[in-house]
Amino acid sequence: MLQQDTFQHKGLRKKLVEEVEAKGITDKRVLEALLKVPRHFFMESGFLNFAYRDQAFPIGAGQTISQPYTVAFQTELLQINHMDKVLEVGTGSGYQTAILMEMKARVYTIERQRELYLNAKALLEEMGYHPHFFYGDGYKGVPSYGPYNKILVTAGASEIPETLVEQLAVGGRMVIPVGDDRSQVMTLIEKISATEIKTTTHGNFIFVPLLKGTNK
Ligand code: SAH
């Protein structure tokens with residue numbers, strides 16, 4: 001059963017969104033989505049005090065729900081439009097997925113940890129969100145549904161996976177943190193033509209690693 005979303009939660013959420021806005025996020029549609037999605041639904045009920053802090057938090061299986069500012073930053077860089085076909089690599093808690101769904105994107109999300117995949121699928125469906133869920137190795141993307149207008153990688157990669165660039169539509173944008181296991185540089189890849197990409201970097205972040213293969 002879903003937790004309640006009370007006035008207290010809504011008040012805390014409003015403050016969090018103001019904090020994220022003060023840190024430099026300007027895309028109103030991103031801020032509105034953050035305001036709508038109850039982040040505490042994605043964390044165990046005992047952790048309400050942490051749900052509305054601008055911090056990452058453990059969600060089990062050694063993984064984390066991304067920091068709200070980071071979620072907002074990646075989403076803003078993607079420039080999400082209505083009906084955009086978006087591939088998300090690393091469903092995790094499903095929080096970022098819900099943000100993309102609120103922005104009326106068509107979302108394809110893949111997770112390599114079976115427990116997280118099952119939990120996120122059950123929760124998001126209960127909340128009324130119906131993206132396409134996949135259990136598998138997102139390093140390879142989901143070519144059968146591509147190409148995608150946007151690709152969002154929510155784990156730190158050691159390099160830009162060529163297979164994902166291939167699944168990006170011309171005119172599309174991919175956002176991926178690239179680096180080692182201590183720190184990654186937020187990287188935006190714009191597909192200019194079938195053979196040309198433009199790469200820009202957007203500051204340092206810390207993510208859990210993008211791993212290969214799946215984990216039962
Ligand atoms: N968007 C998530 C972030 C979760 S952390 C959220 O808001 O909660 C990153 C997630 O990427 C983890 O759940 C991890 O298991 C997953 N991951 C890592 N490597 C992956 C891969 N190759 N394919 C799919 N998911 C992967």
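Counting convention: from 1, in listed order, for ligands and their atoms alike. Values below: every heavy atom of this structure, side chains too, minus hydrogens, waters and symmetry copies.
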| said: I'd like to check whether Ser93 has a polar contact with ligand 1, where a contact means an N/O of the residue lying under 3.5 Å from an N/O of the ligand. | reply: yes

| field | Best match, Gln113, Glu115, Arg112: closest heavy atom to atom 24 (C) of ligand 1 | value | Arg112

| said: With respect to Leu210, determine whether any N or O atom, backbone or side chain, lies less than 3.5 Å from an N or O atom of ligand 1. | reply: no

| query | In terms of residue, atom name and distance, what is the protein heavy atom nearest to atom 4 (C) of ligand 1? | reply | Thr64 O, 3.1 Å

| message | Considering both backbone and side-chain atoms of Gly90, is one of its nitrogen or oxygen atoms within less than 3.5 Å of a nitrogen or oxygen in ligand 1? | response | yes

| task | Check whether any side-chain N or O of Thr154 sits under 3.5 Å from a backbone N or O of Gly90 as a donor-acceptor pair, and report yes or no. | result | yes

| task | Take the angle between the ring planes of Phe134 and His132 and call it parallel below 30°, perpendicular above 60°, tilted in between. | result | parallel

| field | Asp137, any N or O under 3.5 Å of ligand 1 N or O | value | yes

| request: Could you check atom 9 (C) of ligand 1 against the protein and tell me its nearest heavy-atom contact, residue, atom and distance included? | output: Thr154 O, 3.3 Å

| query | What residue and heavy atom of the protein are closest to atom 18 (C) of ligand 1, and at what distance? | reply | Pro209 O, 3.6 Å

| message | Does this structure show an ion pair linking Asp137 with Lys212, if we count only N-O contacts that are shorter than 4.0 Å? | response | no

| query | In the protein, what heavy atom is nearest to atom 12 (C) of ligand 1, and what distance, to one decimal place, separates them? | reply | Gln63 OE1, 3.2 Å

| query | Out of Ile59, Leu211, Val208, whose heavy atom is nearest to atom 19 (N) of ligand 1? | reply | Leu211

| query | Starting from atom 16 (C) of ligand 1, which protein heavy atom do you reach first, and at what distance in Å? | reply | Glu111 OE1, 3.4 Å

| Electrostatic pair Glu19-Lys23, nearest N-O below 4.0 angstrom | yes

| Hey, is the main chain of Leu31 close enough, under 3.5 Å, to the side chain of Glu21 for a donor-acceptor pair? | no

| said: Any heavy-atom pair between the side chains of Lys14 and Leu35 that's under 4.5 Å? | reply: yes

| field | Thr6 and its side chain to side chain donor-acceptor pair (under 3.5 Å) partner, picked from His9, Gln8, Lys10 | value | His9

| said: Regarding ligand 1, does Lys212 bring an N or O atom to under 3.5 Å of one of the ligand's N or O atoms? | reply: no

| query | Would you call Lys121 and Glu125 a salt bridge, taking side-chain N to carboxylate O under 4.0 Å as the test? | reply | yes

| message | Is it the case that ligand 1 has an N or O less than 3.5 angstrom from some N or O of Gly138? | response | yes

